[in-house]
Amino acid sequence: MAAQVRCPICLNMVDWARAQTVTMTADNRTEPLVRREGEDDVVWSQRTLNAYRLCEGGGEPHVLPGKYGDFGQPLVIGVVGESAAGKSHLLAAMVGMLSDADRMSRLGLVVGGLDLKKHQEYLKNVVRPFLDQGRGIPGTPAGPPEFTDALWVHSSRTRRNFAVAFFDVSGEWLANHEAEVPFLGAAGALVFVVDPSRIRGLTGSSGSVTGDPSFDVVLNKIARLRGYEGEEFMPLPAAVVVGKSDLLRHHEALVERWFRDTSPEEELELHTVEAESEDAYAFLSSRGARGWLAPFARCAPSTLHFATATGHGAVEEEGVQRSPQGGFAPRRALKPLLALFAMCGVLGPTDLGQGEVG
Ligand SMILES: Nc1nc2c(ncn2[C@@H]2O[C@H](COP(=O)(O)OP(=O)(O)O)[C@@H](O)[C@H]2O)c(=O)[nH]1
Ligand SMILES: [Mg+2]
Ligand SMILES: [Zn+2]
């Protein structure tokens, strides 16, 4: 258990052992939950299954998942990109694959929900309809960053447990509320989602040539918050993902290579990350998209990836986006997260270049 945990909502340090355990009532109030004298461990565990911890560090008291600080300093991963870049679909694909116990066991990982209720709801309402029934994910309402999901990850290779929390940030909100994004002060790793359909000339003649403005907002804000201004690199692991690669692969040889010659097994291996990073770097820099490389230039260590969260484009029926093929089929969506896990020590000493995983 960590003695002090940084709260991603207000940025204050929480004395975890002393933070009040609470439950949420039906009308969203918190109610203290106190262990009864001599209460059996199993009974107490059952009663605290859906409990939270109260943070009274700043302003209105707010809650964190009950086990958030039980495994040391949590790993907070922010998913960054402008609105409609594909963040929500990518994150759902990643969490869907993290929930595949067989795949995870091949990496020596066991993954479960940290806030069980939230995790089950996210799987039931978002991830499964997306992967199994081909239902697109509705646009994220513009609002402050929130936990999308929080997981605990046990790694048999490092023999450690980690709390991992994901934040999906609305790009527009971020641009207009630069001063109010405290969670960036707690972020331990970032996923930057590059939308190729916003890069002029890649999938159409419209689009930008200067990059995704939300990348700069995040990089500058973190530099200021953590005192990295004036330094060439920020010590913050980052994975830059060229998403929606299904729109590119059939006419871009550098992209196609990573979809044609690879297998589901390869997607679990990290020794190809260096080569993929080189290709993605060459691709973006040769296609007038250097602006999207800013996170790679500023964050260290960092990697570059190609991925598709949906596998193919969605069609719209009665205002709802659907897969025309019954279900969506993400490809290479997990690897950026595994690369981040390796950079953050979750997967153990891992060589992202020529070596073996773990
Ligand atoms: N072709 C294709 N479209 C995608 C992919 N991922 C997301 N989209 C589409 O991009 C749009 C925005 O996605 P969303 O995840 O909501 O973006 P967000 O605003 O960044 O969270 C939706 O219409 C999705 O169907 C992908 O991998 N391939
Ligand atoms: Mg979204
Ligand atoms: Zn707090």
Side-chain angles (χ1 to χ4, degrees), residues 4-16 19-20 30 52-65 68-69 74 76 78-95 122 126-127 130-131 134-148 165-175 182-183 185-186 191-198 202-204 212 214-215 241-250 255 259 305-317 319-325 328-333 336:
Q4 299 273 323
V5 173
R6 188 169 300 285
C7 171
I9 296 164
C10 70
L11 282 190
N12 285 291
M13 295 304 276
V14 182
D15 183 346
W16 197 248
Q20 170 85 60
T30 58
Y52 295 85
R53 296 291 195 101
L54 203 59
C55 173
E56 298 175 281
E60 280 280 296
H62 41 273
V63 295
L64 295 171
Y68 189 70
V76 176
V79 184
V80 182
E82 61 194 312
S83 185
K87 300 179 295 297
S88 297
H89 285 76
L90 185 65
L91 192 48
M94 284 172 169
V95 172
Y122 182 58
V126 179
V127 177
F130 166 56
L131 294 177
R135 188 136 41 91
I137 300 164
T140 314
E146 264 190 39
F147 278 132
T148 301
F166 293 97
F167 278 88
D168 176 339
V169 190
S170 147
E172 276 136 4
W173 195 90
L174 198 67
F183 101 94
V191 176
F192 290 90
V193 183
V194 176
D195 181 350
S197 66
R198 300 284 178 90
L202 275 192
T203 63
D212 181 335
S214 67
F215 290 8
V241 184
V242 180
K244 305 188 186 177
S245 281
D246 55 291
L247 300 174
L248 300 169
R249 52 174 293 204
H250 298 296
V255 185
F259 290 87
H305 307 262
F306 295 112
T308 166
T310 57
H312 47 260
V315 291
E316 196 160 316
E317 277 172 20
V320 180
Q321 298 222 329
R322 297 205 138 274
S323 163
Q325 301 183 13
F328 287 114
R331 294 228 19 223
R332 308 194 72 80

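Counting starts at 1 for both ligands and their atoms, following the listed order.
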> Looking at side-chain heavy atoms only, is the closest gap between Phe166 and Phe147 below 4.5 Å?
Replying inline: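 Contact flag for Phe166/Phe147 side chains = no.
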
> So Phe192 and Phe215, would you call those rings parallel, tilted or perpendicular, with 30° and 60° as cut-offs?
Replying inline: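 It falls in the perpendicular class, over 60°.
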
Is [X] near ligand 1, meaning one of its heavy atoms is under 4.0 Å from it?
{"X": "Gly313", "result": "yes"}
{"X": "Gly136", "result": "no"}
{"X": "Gly243", "result": "no"}

> Taking the Zn ion (ligand 3) as the vertex, what is the angle from SG of Cys55 to SG of Cys7, given to 10 degrees?
Replying inline: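 Result: 120°, to 10°.
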
> Looking only at non-hydrogen atoms, which of Asp246, Thr203, Val80 approaches atom 28 (N) of ligand 1 most closely?
Replying inline: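 Nearest option to atom 28 (N) of ligand 1, by heavy atoms: Asp246.
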
> Which residue from Arg331, Arg322, Lys244, Gln321 reaches closest to atom 4 (C) of ligand 1 through any of its heavy atoms?
Replying inline: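 Among Arg331, Arg322, Lys244, Gln321, the closest heavy atom to atom 4 (C) of ligand 1 belongs to Lys244.
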
> Which of the atoms in ligand 1, numbered in the order shown and given with their element, are less than 4.0 Å from a heavy-atom of Leu247?
Replying inline: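 Listed by number with element, the hits are 1 (N).
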
> At a 4.0 Å threshold, what atoms of ligand 1 neighbour a non-hydrogen atom of Glu82?
Replying inline: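 Listed by number with element, the hits are 20 (O).
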
>> Within a 6.0 Å radius of atom CD on Glu60, are there more than 12 heavy atoms belonging to other residues, nucleotides or ligands?
In response: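 At most 12 heavy atoms, drawn from other residues, nucleotides or ligands, come within 6.0 Å of this atom.
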
>> Can you see whether Thr308 engages Asp246 through a side-chain donor-acceptor pair at a distance of less than 3.5 angstrom?
In response: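 Note: Thr308 and Asp246 side chains meet the donor-acceptor criterion.
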
> Based purely on interatomic distance, does Ala85 place a nitrogen or oxygen under 3.5 Å from a nitrogen or oxygen of ligand 1?
Replying inline: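 It does: an N or O of Ala85 is found under 3.5 Å from an N or O of ligand 1.
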
